[in-house]
Amino acid sequence: MTTSSFDLPGAILWLDEAPRGLRLYPAYDGAKVELTVRAWASQTNSSDSVRLAATLTAGPRPHQGQQPLGRVLATNRITVSSSPTALVFTGYVSGQALREVEEMRQGGPLWLELNDMRADGMTGGRVALLEFSGSNLPIEVLAEEWASQLERVTASAYVEILVPVTEDATLATAAGRLRTARSYIRDGVCSAVAPELRQALDPVREAYETQTAAATARTKKPRERSTLERWALMVEDTYALLSAFIHDDEEAIAGASLDRAMAVDLLGDVAGKVHRLAADRRAEKI
């Protein structure tokens with residue numbers, strides 16, 4: 001268990017992590033976050049009470065690679081006592097930040113941290129900012145705990161995939177086409193989605209040579225196909241489906257119309273495949 005101490009006027013304040021102290025609640029395009037810690041002070045403070053605020057950060061390790069999630073404020077004031085008291089910090093985390101955290105942690109545990117702590121004290125009905133110093137408080141969140149909390153705020157939402165683009169211009173273009181397709185869906189112009197997604201799929205087909213792999217796979221019985229061959233078939237079938245909404249001059253697909261549900265389905269499909277290419281290139285697998 002991690003503990004941090006802070007020097008306040010007339011007192012030393014201790015904070016430590018509380019077991020399973022993280023809670024996420026649904027909020028518009030993100031989540032309300034509640035982080036409960038334990039707090040107590042060593043002696044009677046010159047102020048009647050103290051309220052804390054901090055920047056909540058997240059990273060794969062304590063004190064390393066931490067990125068800001070948002071500002072959090074303690075919902076209750078600390079009145080100095082000899083026994084620990086629960087202190088609840090609340091704030092807002094955007095949907096984009098949640099997606100980036102998922103990409104960063106890669107299914108593993110997560111370290112949250114209370115950074116840049118600030119305090120105000122109340123004495124005789126007057127509030128004043130307090131000068132104090134201390135260390136950041138790192139809090140480990142196990143993978144299972146984070147996953148269960150994330151499920152609370154995303155179970156009724158759509159899944160969005162973050163494509164880890166580096167300096168690769170081809171991937172940057174593909175990611176831009178995905179964003180354009182998403183904006184078309186948002187604006188209800190689903191007929192314009194298919195061309196963007198099909199072009200976003202082009203670098204995937206080229207990198208993994210899926211046309212060749214799929215052609216080979218189709219000559220085999222399904223149980224004889226390799227994993228790559230089966231995946232190549234998925235890529236080529238998605239490409240063919242997208243083509244149906246672009247070239248609908250054949251009898252079988254005449255008048256093909258892309259509705260919102262199908263557009264969302266195909267956006268997630270293509271984004272996932274571009275994500276795989278980006279991840280494999282980052283890991284220098286391809």
Can you check side chain to side chain contact (heavy atoms under 4.5 Å, CB included) on Arg230 and Thr227, steps first, answer last? CA-CA 5 Å; Arg230 297 176 191 217; Thr227 302; 5.8 Å; no
Where is the tightest heavy-atom contact between Val274 and Ala200, given as atom of each residue plus distance? CG2-O, 3.6 Å
What residues, two or more places apart in sequence or in another chain, satisfy ring pair (Phe, Tyr, Trp, His ring centres under 6.0 Å) together with Tyr239? none
If I compare all heavy atoms of Tyr92 with all of Tyr28, which pair ends up nearest, and what's the gap? OH-O, 2.9 Å
Can you measure from SG (Cys190) to CG (Leu267) and round to the nearest 0.5 angstrom? 10.5 Å
Determine whether Asp202 and Thr170 satisfy the following criterion, side chain to side chain contact (heavy atoms under 4.5 Å, CB included), listing intermediate values before the conclusion. CA-CA 10 Å; Asp202 283 337; Thr170 302; over 6 Å; no
Tell me which pairs pass salt bridge (Lys or Arg N to Asp or Glu O under 4.0 Å) where either residue lies in residues 64-76, with sequence neighbours left out. Arg71-Asp116
Give the intermediate values and the outcome of side chain to side chain contact (heavy atoms under 4.5 Å, CB included) for residues Leu114 and Asn136. CA-CA 6 Å; Leu114 292 172; Asn136 299 333; over 6 Å; no
Are Met234 and Val264 linked, directly or through other ILVMFWY residues, by side chains that come within less than 4.5 angstrom of each other? yes
Any side-chain heavy atom of Asp168 sitting closer than 4.5 Å to one from Arg281? yes
Tell me, please, which residues at least two apart from Pro109 pass side chain to side chain contact (heavy atoms under 4.5 Å, CB included). Glu140
Over all heavy atoms of both residues, which pair between Val153 and Tyr25 is shortest? Give the atoms and the distance, please. CG1-C, 3.3 Å
Can you give me the closest heavy-atom contact between Lys273 and Leu201, atom names plus distance? CD-CD1, 4.0 Å
Go through the structure and list residues passing side chain to side chain contact (heavy atoms under 4.5 Å, CB included) with Asp187, not counting sequence neighbours. Val189
Please assess Val33 against Leu69 for the test side chain to side chain contact (heavy atoms under 4.5 Å, CB included), listing each intermediate value before the final yes or no. CA-CA 10 Å; Val33 59; Leu69 292 179; over 6 Å; no
Could you work out, with ring pair (Phe, Tyr, Trp, His ring centres under 6.0 Å) as the rule, every residue matching Trp146, not counting sequence neighbours? none
Which pair of heavy atoms, one from Ala181 and one from Leu197, lies closest together, and at what distance? CB-CD2, 3.7 Å
Using distance alone, with no hydrogens and no angle criterion, decide if Asp269 and Thr238 have a side-chain donor and acceptor under 3.5 Å apart. yes
Got a list of side-chain donor-acceptor pairs under 3.5 Å for residues 171-179, not counting sequence neighbours?
from	atom 1	to	atom 2	distance (Å)
Thr173	OG1	Ala169	O	3.0
Arg177	NH1	Glu196	OE1	3.4
Arg177	NH2	Gln199	OE1	3.2

Reported CD1-to-OG1 distance for the pair Ile185 and Thr180, which is rounded to 0.5 angstrom: 11.0 Å
Output side-chain donor-acceptor pairs under 3.5 Å for residues 210-217, partner residues at least two apart or in another chain, one line each.
from	atom 1	to	atom 2	distance (Å)
Thr210	OG1	Glu236	OE2	2.6
Thr216	OG1	Thr212	O	3.1

Can you name the residues that form a salt bridge (charged side-chain N to carboxylate O under 4.0 Å, His left out) with Arg260, not counting sequence neighbours? none
ILVMFWY network linking Tyr184 to Met262, side-chain heavy atoms under 4.5 angstrom: yes
Are any of the side-chain heavy atoms of Leu258 and Val193 separated by less than 4.5 Å? yes
Those residues that, when tested against Met104, pass side chain to side chain contact (heavy atoms under 4.5 Å, CB included) (two or more places apart): Pro60, Val101, Leu110
With sequence neighbours excluded, residues passing salt bridge (charged side-chain N to carboxylate O under 4.0 Å, His left out) with Arg105: Glu102
Mind checking whether Leu35 and Leu150 sit in one hydrophobic cluster, side chains of I, L, V, M, F, W, Y counted as touching below 4.5 Å? yes
Do Arg198 and Phe245 form a cation-pi contact, if we require the NZ or CZ to be under 6.0 Å from the six-membered ring centre and within 45 degrees of the ring's axis? no
Taking side chain to side chain contact (heavy atoms under 4.5 Å, CB included) as the test, write out the residues that go with Gln66, two or more places apart. Thr57, Trp111, Glu113
Contacts of Arg225 that satisfy salt bridge (charged side-chain N to carboxylate O under 4.0 Å, His left out) - sequence neighbours left out: none
Stepwise salt bridge (Lys or Arg N to Asp or Glu O under 4.0 Å) test for Asp237 and Arg205: CA-CA 11 Å; Asp237 286 345; Arg205 300 174 75 217; over 6 Å; no
Rounded to the nearest 0.5 Å, how far apart are OG of Ser94 and CD of Glu100? 7.5 Å
Quick one: do Val72 and Val88 end up in the same hydrophobic cluster if we chain Ile, Leu, Val, Met, Phe, Trp and Tyr together by side-chain heavy atoms under 4.5 Å apart? no
Taking atom types as modelled, is there a side-chain donor on Glu145 or Gln149 under 3.5 Å from an acceptor on the other? no
Keeping Glu206 on the side-chain end and Pro203 on the backbone end, is there a donor-acceptor pair under 3.5 Å? no
Of all the heavy-atom pairs spanning Ala86 and Thr36, show the shortest one and how long it is. CB-CG2, 4.2 Å
Any non-hydrogen side-chain atom of Phe89 less than 4.5 Å from a side-chain atom of Val37? yes
